[in-house]
Student: 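Dropping a structure here in structure tokens format, bear with me for questions.
Any value given below was found using the heavy atoms of this structure, including those in side chains, with hydrogens, waters and symmetry copies removed. Throughout, a chain's letter reflects where its sequence line sits, starting with A, and its residues are numbered from 1.
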Amino acid sequence: MAEATEKPLNFIEQIIEDDLAKGKNDGRILTRFPPEPNGYLHIGHAKSICLNFGVAQKYGGKTNLRFDDTNPVTEETEYVESIKADVKWLGFEWAEELYASDYFDQLYEFALNLIKKGLAYVDDSTSEEMAVMKGTPTVAGINSSYRDERSIEENLDLFTRMRNGEFTEGTRVLRAKINMASTNMLMRDPIIYRIKIATHHRTGDKWCIYPMYDFAHGQSDSIEQVTHSICTLEFVPHRELYDWCIGSLEIFPSKQYEFARLNLSYAITSKRKLLKLVTDNFVNGWDDPRMPTISGMRRRGYTAQAIREFCDRIGIAKRDNLIDVSLLEFCVREHLNKIATRVMAVLDPIKVVITNYPKGQVEELKAENNPEDHESGSRIMPFSREILIEKDDFMENPTKKYFRLGLGLMVRLKNAYIIKCDDIVKDENGEIIELHCSYIENSRSGNDTSGINVKGTIHWVSETQAVDAEVRLYDRLFKVEDPSREDGDFKEYLNLESLQVITAKVEPALKNATLNTPYQFLRKGYFCLDADSTADKLVFNKTVGLKDTWAKEASK
RNA sequence: UGACCUAUGGUGUAAUGGUAACACAACUGUUUUUGGUACAGUCUUUCUAGGUUCGAAUCCUGGUAGGUCAACCA
């Protein structure tokens, strides 16, 4: 393939190329993806994963997967496992699997080191007292009385005893001695170690003090010799502290860079809120197909390739953004169109009797599996006198632009015959219960000598051979474009009709449907088999609909 | 009444002092045994006021708007 015009670099890549040009770190590039194992990964993490692993790949570097597990209260092994599975599924391989908790001993030494340098002290103030002394963004804080009165020896002694479990939670913390008057609130003597009597998912009960994020993250980067520590914009104010810790400890100078996190329309990307949806049963677990989690999207039938393409298209910048979910759906359709097996499924059936077709006759018709992929072959579909078509493919009084079935009108049954509607059968309430049609005998697909041209082609299934399938139709989880910006409880903006379960009639070939195979239900959308399927009950998820210009026209 | 970050079509992202472009969305057509796909096209842009410069989306200053920061969370 000819080399396309060079893709412009995002600002992170520019920084890396500049560093490379300057010979920084001898050309070594090491990034890291550092999730806290307190929830499942979502589409926002996918952006970060693609960025971190992507730039490393591009510049011959490596990426570590590091779990930022410094708060034992919220973290669980279940999350660790799901995160690893999701990163792998997305298609990335980490150089090393690491844990901030691997560094607890080292981090403790770092704290001791700071104390010895007179750069950290034990504070006995309550959190309320500390909050007051901290000041506000416009008013400088004041020094704690413990700040200068305690000697290095006393601080060393107290911190050691904190570690030994001699004090109860909340009674003492270790603080960095920086500047209570800094305009950066994070520099006003931040807490770097706190007492937590909790069992850690990896270190068990070994520790009763745990480092805070700011005392663990930069140092972990430094220990691993991460060259480019890429995080989201909310950490910009942390950078000064990140650099202060590394500078004070005189360790490898990893550098932090920040990009704008992804916001997706009609969705939320807050682990805390997603957790709430799960625990309050608004959805059926983290992998509910309506969730913007990687596991949810996977279950819904989104492909890793589509998600990677999406992350690539949204770009990397420092501006707050709200990406239209239609771009994600575009990427999903774009991929699925190329690989999905076409099948026929009638979601909302109405019966059609082909009155001039012999009773009891079953004909086997050939159906193409994928017009986009000529290697994909074909399959056989049974055709008979009684078939089912989609209710909205018939209109008693069709408008001019409607070119499906109407009384006296003709349509092509995909891969089969042209039929004409002769009669409408209604019940006592005037509801249409079936249609009587006649077929044009010499109009069979691939063998059409009728010379008749019809504008519409519709899908169908043969009634006796069709199989029942539960089909789960999903709509957006939220009613508003940007739920995170609305006032009040975000749950008020949930779309309570986001899940619709129906029973559809699908062609018999689908009895052999397999997990992870994308299907296109012809003219309806992309669907995939759900793990809830059993030998005698098929369950499909709707991944995404086809682009539907008729629906737009019809709603005018 | 602070510090920091940001400002380019409806939404995103490029243009790295030298012709504002690409994608999505929206809208038209053409092709089509999927009202899909493909193809062709239309639409709509540099927050504002100054300054530097032969030349500014880009550099500087002021303003405006949005975001972030006062967890023993990450």
Side-chain angles (χ1 to χ4, degrees), chain A residues 5 7-11 14 34-36 38 68-71 73-75 100 123 126-127 130-132 134-141 169-175 182-186 188 191-196 209-210 212-214 216-217 231 233-240 258 260 265 271-272 313-331 333-334 337-338 342 344 368 371-372 401-404 411-416 418 443 445-446 448 453-459 481 520-525 545-554:
Chain A
T5 49
K7 206 187 166 208
L9 303 179
N10 63 51
F11 80 96
Q14 288 175 31
E36 182 188 12
N38 67 345
D68 226 333
D69 55 351
T70 56
N71 184 0
V73 181
T74 55
E75 296 153 7
D123 196 323
T126 65
S127 59
M130 285 201 289
V132 171
K134 194 144 202 178
T136 70
T138 54
V139 177
E169 242 179 78
T171 55
R172 284 184 170 85
V173 292
L174 185 69
R175 290 230 252 173
S182 172
T183 52
N184 183 348
M185 299 294 288
L186 288 161
R188 319 243 269 222
I191 294 170
I192 56 178
Y193 258 95
R194 79 288 213 191
I195 299 168
K196 259 187 203 289
I209 56 169
Y210 292 92
M212 297 287 287
Y213 166 84
D214 286 302
H217 202 98
C231 61
L233 246 27
E234 59 266 34
F235 291 96
V236 169
H238 293 255
R239 189 174 62 230
E240 192 179 357
E258 311 88 7
S265 65
K271 265 199 238 175
R272 187 180 59 79
R313 283 176 180 252
I314 58 176
I316 301 294
K318 300 184 77 157
R319 196 181 332 169
D320 289 323
N321 59 73
L322 180 63
I323 311 276
D324 198 324
V325 70
S326 64
L327 179 60
L328 212 207
E329 292 175 341
F330 166 82
C331 294
R333 286 193 194 101
E334 186 186 43
N337 175 49
K338 292 194 174 69
R342 270 62 170 176
M344 294 203 217
E368 200 179 17
E372 302 287 321
K401 284 181 178 170
Y402 186 84
F403 40 87
R404 302 178 188 178
V411 279
R412 155 80 59 188
L413 295 173
K414 175 80 179 171
N415 298 321
I418 292 172
S443 68
S445 288
D448 186 352
N453 269 320
V454 292
K455 197 141 192 215
T457 300
I458 63 173
H459 61 281
E481 195 175 31
Q520 184 192 105
F521 288 4
L522 223 63
R523 301 206 302 137
K524 282 292 157 188
L546 257 25
K547 207 173 144 197
D548 191 350
T549 51
W550 166 246
K552 275 178 207 160
E553 178 64 36

Student: Of the listed nucleotides (B:C5, B:G36, B:C72), which one gets closest to any side-chain atom of A:Val173?
Tutor: B:C72
Student: Select base, sugar-phosphate, or nothing to describe what A:Pro371 touches, counting heavy atoms under 4.0 Å on all strands.
Tutor: base
Student: Any heavy-atom pair between the side chains of A:Arg523 and A:Trp550 that's under 4.5 Å?
Tutor: no
Student: Which part of the nucleic acid, if any, lies within reach of A:Asp548 when heavy atoms closer than 4.0 Å are counted: base, sugar-phosphate only, or nothing?
Tutor: sugar-phosphate
Student: Please state whether the rings of A:Phe235 and A:Tyr213 are parallel, tilted or perpendicular, taking 30° and 60° as the class boundaries.
Tutor: tilted
Student: Once you apply a heavy-atom cut-off of 4.0 Å, does A:Thr136 come out as touching a base, just sugar-phosphate, or nothing?
Tutor: base
Student: Going by atom types only, do A:Asp324 and A:Ser326 share a side-chain donor-acceptor pair under 3.5 Å?
Tutor: yes
Student: Please determine whether a side-chain nitrogen or oxygen atom of A:Arg239 lies at a distance below 4.0 Å from atom OP1 or OP2 of B:C4.
Tutor: no
Student: Categorize A:Lys552 for me: base, sugar-phosphate, or nothing, with a 4.0 angstrom heavy-atom threshold over every strand shown.
Tutor: sugar-phosphate
Student: Could you check whether the side chain of A:Arg412 and the base of B:U34 have a donor-acceptor pair of N or O atoms closer than 3.5 Å, going by distance alone?
Tutor: no
Student: Just compare B:C5, B:G36, B:C72 and give me whichever is closest to any side-chain atom of A:Leu546.
Tutor: B:G36
Student: Tell me, with the steps shown, if A:Met212 and A:Val173 meet side chain to side chain contact (heavy atoms under 4.5 Å, CB included).
Tutor: CA-CA 10 Å; A:Met212 297 287 287; A:Val173 292; over 6 Å; no
Student: From the options B:A25, B:A23, B:U8, select the nucleotide whose nearest atom is closest to the side chain of A:Arg313.
Tutor: B:A23
Student: Between the side-chain atoms of A:Glu372 and the base atoms of B:G36, is any donor-acceptor pair under 3.5 Å?
Tutor: yes
Student: Nearest of B:U16, B:U37, B:C73 to any side-chain atom of A:Gln14?
Tutor: B:U16
Student: Within the structure shown, what part of the strands sits under 4.0 Å from A:Phe235 by heavy-atom distance: base, sugar-phosphate, or nothing?
Tutor: base
Student: Can you tell me if A:Arg319 touches the phosphate of B:U8, counting only side-chain N or O atoms and a distance under 4.0 Å to OP1 or OP2?
Tutor: yes
Student: Where the side chain of A:Phe330 is concerned, which of B:U16, B:G12, B:C24 is the nearest nucleotide?
Tutor: B:C24
Student: Among the candidates B:C72, B:G2, B:U33, find the nucleotide nearest to the side-chain atoms of A:Ser445.
Tutor: B:U33
Student: Indicate, with a heavy-atom threshold strictly under 4.0 Å, whether A:Thr549 touches base, sugar-phosphate, or nothing.
Tutor: sugar-phosphate
Student: Is there a side-chain contact between A:Lys196 and the phosphate of B:C73, meaning an N or O under 4.0 Å from OP1 or OP2?
Tutor: yes
Student: Which of the following nucleotides, B:A74, B:U34, B:U13, is nearest to the side chain of A:Leu522?
Tutor: B:U34
Student: Dump the pairs, protein N or O against N or O of nucleotides 39-46 of chain B, anything under 3.5 Å, distances to one decimal.
Tutor:
none

Student: Mind listing the N/O atom pairs, protein and nucleotides 62-66 of chain B, below 3.5 Å?
Tutor:
unit_1: B:G66; atom_1: O3'; unit_2: A:Arg485; atom_2: NH2; d: 3.4

Student: Side chain of A:Arg523: nearest nucleotide among B:C73, B:A70, B:G35?
Tutor: B:G35
Student: Strictly below 4.0 Å: does A:Thr70 bring a side-chain N or O up to OP1 or OP2 of B:A74?
Tutor: yes
Student: Give one of base, sugar-phosphate or nothing for A:Asn184, where a contact means two heavy atoms less than 4.0 Å apart.
Tutor: nothing
Student: Quick check: any donor-acceptor pair below 3.5 Å linking the side-chain of A:Arg333 to the base of B:U37?
Tutor: no
Student: Compare the minimum distances between each of B:U33, B:G36, B:A74 and the side chain of A:His238, then state the nucleotide with the smallest one.
Tutor: B:A74
Student: With stacking defined as ring centroids separated by under 5.5 Å and planes differing by under 30°, is A:Trp550 stacked against B:G35?
Tutor: yes
Student: Counting only side-chain heavy atoms from C-beta out, which of B:C72, B:U11, B:G36 sits nearest to A:Met212?
Tutor: B:C72
